[in-house]
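Data block below; observations after.
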Protein chains: 2
Amino acid sequence: MLHVLLHMARQAKPFTSEQIGEMLKTNPVVVRRTMAGLRDAGYVTSVTGPGGGWTIACDLEKTTLLDIQKAVGGPNLFVIGIDNPNPVCAVERAVNAALSEAMERAERMLLDRLGEVSLASLAIHFGGLCEGNHGSAK
Amino acid sequence: MLHVLLHMARQAKPFTSEQIGEMLKTNPVVVRRTMAGLRDAGYVTSVTGPGGGWTIACDLEKTTLLDIQKAVGGPNLFVIGIDNPNPVCAVERAVNAALSEAMERAERMLLDRLGEVSLASLAIHFGGLCEGNHGSAK
DNA sequence: TTTCTCGATACAACAAATGTTACGAATTAT
DNA sequence: ATAATTCGTAACATTTGTTGTATCGAGAAA
């Protein structure tokens with residue numbers, strides 16, 4: 001998905017769901033499903049009709065991986081979260097108490113890092129490669 | 001599962017898979033499946049025949065949540081791991097580079113914490129409650 | 001009006017986890 | 001030795017979540 005966003009940032013014309021589906025080796029409907037989250041969050045726009053499709057609509061500098069993560073998927077970064085914050089089971093409570101602090105710190109560390117990485121910083125590396133492959137034509 | 005281990009630590013007699021299944025509201029076969037990992041790792045023993053079942057076989061002080069985690073499940077703590085360490089895709093490489101360090105630190109933090117919590121330390125809280133409920137009879 | 005595109009819904013295919021059934025092997029008691 | 005109990009294992013069913021597909025309607029452009 002990030003792939004697509006960076007591609008979109010390098011082209012003024014919108015991409016259709018079908019084109020994106022080819023890039024991602026998937027289906028136009030699936031593309032619409034996942035893009036819907038980004039559209040609702042305002043990071044991309046979609047227009048119908050001929051010549052329509054998806055266009056990027058955010059500031060690459062200000063949009064981070066955390067934003068994308070939140071818009072696309074859930075905030076479920078960990079496999080073992082603390083499902084039940086106040087369980088009846090005594091053992092569960094004991095485990096929660098023992099681990100909650102470390103979990104929160106680990107999660108915050110990761111989330112902070114996601115929030116530090118902008119799309120623009122990814123585009124730097126990506127852009128360089130694309131110049132080489134496709135030429136810098138416009 | 002931890003529940004069961006702590007219960008076993010408080011009773012000399014072995015528990016049958018059926019008894020454990022009742023505690024966990026599941027099936028004897030499912031119990032055997034998950035206990036198999038603990039057995040192979042040497043944290044519990046199982047004997048067949050009448051009067052048989054599962055017995056704890058480890059030092060509560062020395063066995064940590066990390067040990068149990070490794071024996072029971074996989075070491076897959078994170079939802080988004082770096083699946084492909086050296087991908088063809090340029091975007092993926094850029095993302096990996098940007099996040100790998102933070103991920104490793106977060107993972108290590110959590111793993112270290114798991115390794116610090118012994119079964120004995122859980123048993124302290126648990127034990128207290130059980131005395132009250134079941135009496136300390138013998 | 002025709003064509004292109006997204007939006008949305010419903011359904012199918014697939015995979016993973018969990019639950020179930022069944023049978024064999026080991027152990028104990030009689 | 002025989003019977004009863006219990007684990008070990010394999011095969012199969014059920015459930016759940018994800019992904020893929022088909023279809024139809026609505027909006028926009030030529």
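Residue numbers start from 1 in every chain, and the chains themselves are labelled A, B, ... in the order their sequence lines are given, proteins ahead of strands.
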Mind checking side chain to side chain contact (heavy atoms under 4.5 Å, CB included) for M109(B) and listing every partner two or more places apart, or none if nothing turns up?
-> R105(A), A106(A), M109(A)
Summarise how protein sits on nucleotides 11-17 of chain D as a single string, 5' to 3': B when a protein heavy atom is under 4.0 Å from the base, S for sugar-phosphate-only contact, - for no contact.
-> B------
Does a side-chain N or O from S46(B) land closer than 4.0 Å to OP1 or OP2 of dT6(D), or not?
-> no
So side-chain hydrogen bond (donor to acceptor under 3.5 Å, both in side chains) across residues 40-59 of chain B, not counting sequence neighbours, yields S17(B)-W54(B)
Rounded off to whole Å, could you give me the CZ-to-C1' distance for the R39(B) and dT6(D) pair?
-> 13 Å
Sub-4.5 Å side-chain heavy-atom contact between V44(B) and L5(B) = yes
Atom pair CG/CD1 of N27(A) and I20(A) - distance to nearest 0.5 Å = 12.5 Å
Please give, in whole Å, the distance from dT18(D) C1' to N27(A) CG?
-> 14 Å
Enter the distance from R93(A):CZ to N96(A):CG here, rounded to the nearest 0.5 Å.
-> 9.5 Å
N/O (side chain, R32(B)) to phosphate O (OP1/OP2, dG8(D)) under 4.0 Å | no
May I have all residue pairs that pass side-chain hydrogen bond (donor to acceptor under 3.5 Å, both in side chains) and include part of residues 110-119 of chain B, sequence neighbours excluded?
-> R113(B)-E116(B)
Excluding sequence neighbours, so at least two apart, what forms side chain to side chain contact (heavy atoms under 4.5 Å, CB included) with T26(B)?
-> L24(B), V30(B), V31(B)
May I have the step-by-step check of side chain to side chain contact (heavy atoms under 4.5 Å, CB included) for L60(B) and L122(B), ending in yes or no?
-> CA-CA 9 Å; L60(B) 291 191; L122(B) 293 177; over 6 Å; no
Kindly state which residues belonging to residues 14-25 of chain B come within less than 4.0 angstrom of DNA chain D, counting heavy atoms of the residue only, listed by number.
-> F15(B), T16(B), S17(B)
Could you run down nucleotides 25-30 of chain D 5' to 3' and tag each one B, S or - for protein heavy-atom contact under 4.0 Å?
-> --BBS-
Report the residues that fulfil side chain to side chain donor-acceptor pair (under 3.5 Å) with T64(B), sequence neighbours left out, ordered by chain and then residue number.
-> D67(B)
Segment of DNA chain C, first to last nucleotide, that comes within the 4.0 Å heavy-atom reach of chain B | dG19(C) to dT28(C)
Looking at L2(B) and I68(B), what are the two nearest heavy atoms and their distance?
-> CD2-CG2, 4.2 Å
May I ask you to check whether over 12 heavy atoms, not counting those of Q11(B), lie within 6.0 Å of atom CD?
-> yes
Pairwise distance OG1(T16(A)) to CZ(R32(A)) - rounded to 0.5 angstrom | 8.5 Å
Report the residues that fulfil side chain to side chain contact (heavy atoms under 4.5 Å, CB included) with V47(A), sequence neighbours left out, ordered by chain and then residue number.
-> none
